There are 2 protein chains.
Amino acid sequence: MPRLTEARSQLRRDQIVQAARRCFVRNGMERASVADITAESGLSAGSIYAHFGSKADIVRAVVQDVMDRRALTLAAYASGVRPPSPTQVMVLLVAATDPDEARIALQAWGEATTDPAIHEIVVSMIDRMRDLFRVGCEAWLVEAKGYERAAAGPRATRIADHLVAVYQAHLIRAALLGAPDAVDDAALTDVVEAIS
Amino acid sequence: MPRLTEARSQLRRDQIVQAARRCFVRNGMERASVADITAESGLSAGSIYAHFGSKADIVRAVVQDVMDRRALTLAAYASGVRPPSPTQVMVLLVAATDPDEARIALQAWGEATTDPAIHEIVVSMIDRMRDLFRVGCEAWLVEAKGYERAAAGPRATRIADHLVAVYQAHLIRAALLGAPDAVDDAALTDVVEAIS
DNA sequence: GTCTATACTACGATAGAC
DNA sequence: GTCTATCGTAGTATAGAC
């Protein structure tokens, strides 16, 4: 029985997190009230506080959730047998960007400047992403470009840093300008390949 | 007399804006209260509301102020007779970055996702910056690299987009990791020159 | 676990004297 | 213009019934 109960509880938590996410996209993490979240989720304040200790806990859960989704997407691309090129990874990642997720990411960056818990989540996420890029690039350099292992490592680190920058800039565009189908593939490809 | 009075009023406004900026760096734009700003500025609530119509007005003024400072710094570099290379501009800009200003910038990005007034300020600032980069790059391509005018334009646009990305990524690092004297000039130079 | 109702606080903004 | 004092409200969190 505990297993089923626990799963149900997790489901409720997720229901609350997704409702909160929609509220945050609409009103911002700080301005969105618990009352907004109750209305959006169809639950009551009492129910919500049975699953989260405070509104700050909900904010943390939403940020963690969005970051985890991003990392999963990226990891999926990087884990194929034939490592994709940096350009391919970036094009896929950009095409898979949800503007709402991008907005949550920007809000999280802002929160991270003053909230230690969010700061920790965001920074460790950036590190994780850089690492995924790095590992993927290293494999690609060795297997597709014929690099020696020794030379591939430092080169991959450099490229990964750059991919993080390009990706972050893309998130800003996606969040503030909407999804410009103007995902200018040509420009993106040009830029990424110049550094690869 | 109106001139002197107006100047004094502007001084008070600036005093409030700078105090508010410090509060925002400490507590975030939303969490910082008007009471915090009165305490930090040494003024009273009544006085502050004589100069600003609402707290939202103060937030807008702070964001505008920080953005204007950045644009001024960049314009100063770009306006020399001998146009600097993209790498030089970026190195100077990065070296001149104040972590507190970077934090305000990140908070402004987050706010821009839900507040139309902030959105307008942020987006137009990004456009202005891109344009300054573009004009500077074009001059540099023509005068230092021997490009034809016709070829320099599109190339400069491409480089400018990239400089914006690199700069935004730098702001994120500066805001969240502090000023890493690890302004890794080598990495920066490498990346910017690859695309130049 | 979930609801309704409410306690308590903190905040933004204003009033009115000086 | 600036102050002190205060009003009204919105918001988080809890109590207690079911």
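Hydrogens, waters and symmetry mates are skipped; everything else that's a heavy atom, side chains included, is used. Worth saying up front: this structure is predicted, and the values here are computed from it rather than measured. We name chains A, B, ... by the order of the sequence lines, and we start the count at 1 in each one.
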Donor-acceptor pairs under 3.5 Å, side chain of residues 30-39 of chain B to any protein atom, not counting sequence neighbours: which ones?
| unit_1 | atom_1 | unit_2 | atom_2 | d |
| --- | --- | --- | --- | --- |
| S33(B) | OG | A35(B) | N | 3.4 |
| S33(B) | OG | D36(B) | N | 3.1 |
| S33(B) | OG | D36(B) | OD2 | 3.3 |
| D36(B) | OD2 | N27(B) | ND2 | 3.4 |
| D36(B) | OD2 | S33(B) | N | 3.0 |
| T38(B) | OG1 | A35(B) | O | 2.6 |

Side-chain atoms of residues 142-155 of chain A: list all donor-acceptor pairs with protein atoms under 3.5 Å, sequence neighbours left out, distances to 0.1 Å.
| unit_1 | atom_1 | unit_2 | atom_2 | d |
| --- | --- | --- | --- | --- |
| R149(A) | NH1 | E138(A) | OE2 | 3.4 |
| R155(A) | NH2 | I195(A) | O | 2.9 |

Side-chain donor-acceptor pairs of residues 89-106 of chain A under 3.5 Å, sequence neighbours excluded:
| unit_1 | atom_1 | unit_2 | atom_2 | d |
| --- | --- | --- | --- | --- |
| T97(A) | OG1 | L93(A) | O | 3.0 |
| T97(A) | OG1 | V94(A) | O | 3.2 |
| T97(A) | OG1 | H170(A) | NE2 | 2.8 |
| D98(A) | OD1 | D100(A) | N | 3.0 |
| D100(A) | OD1 | R103(A) | NH1 | 2.9 |
| E101(A) | OE1 | R70(A) | NE | 3.3 |
| R103(A) | NE | A175(A) | O | 3.2 |

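Rounded to whole Å, atom P of dG1(D) lies 12 Å from atom CZ of R13(B). To the nearest angstrom, C1' of dC11(C) lies 14 Å from CG of N27(B). One interatomic measurement links the two molecules: CG of D57(A) to C1' of dA13(D), which rounds to 13 Å at whole-angstrom precision. Atom P of nucleotide dC11(C) and atom CG of D36(B) are separated by 7 Å, given to the nearest angstrom. When the P atom of dT2(C) is taken as reference, atom CD1 of I16(A) falls 8 Å away, rounded to whole Å. Summarising the geometry, the separation between CZ on F52(A) and P on dT14(D) is reported as 15 Å, rounded to the nearest angstrom. Atom CZ in R12(B) sits roughly 10 Å away from atom P in dG1(D) (whole-Å rounding). Rounded to an integer number of Å, the gap from NE2 of H51(B) to C1' of dT2(D) is 8 Å.
Sorted by first and then second residue, the pairs that involve residues 17-28 of chain B and meet salt bridge (charged side-chain N to carboxylate O under 4.0 Å, His left out), not counting sequence neighbours, are R22(B)-E40(B), R26(B)-E40(B).
Separating the CD1 atom in I118(A) from the CZ atom in R60(A) is a distance of 6.5 Å, to the nearest 0.5 Å.
Take S124(B) and apply the side-chain contact (heavy atoms from CB on, under 4.5 Å) test, not counting sequence neighbours, and it matches E120(B).
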Worksheet item: Where along nucleotides 12-18 of chain C does protein come under 4.0 Å, by heavy atom, of base (B) or sugar-phosphate alone (S), with - for untouched nucleotides?
Response: SBB----

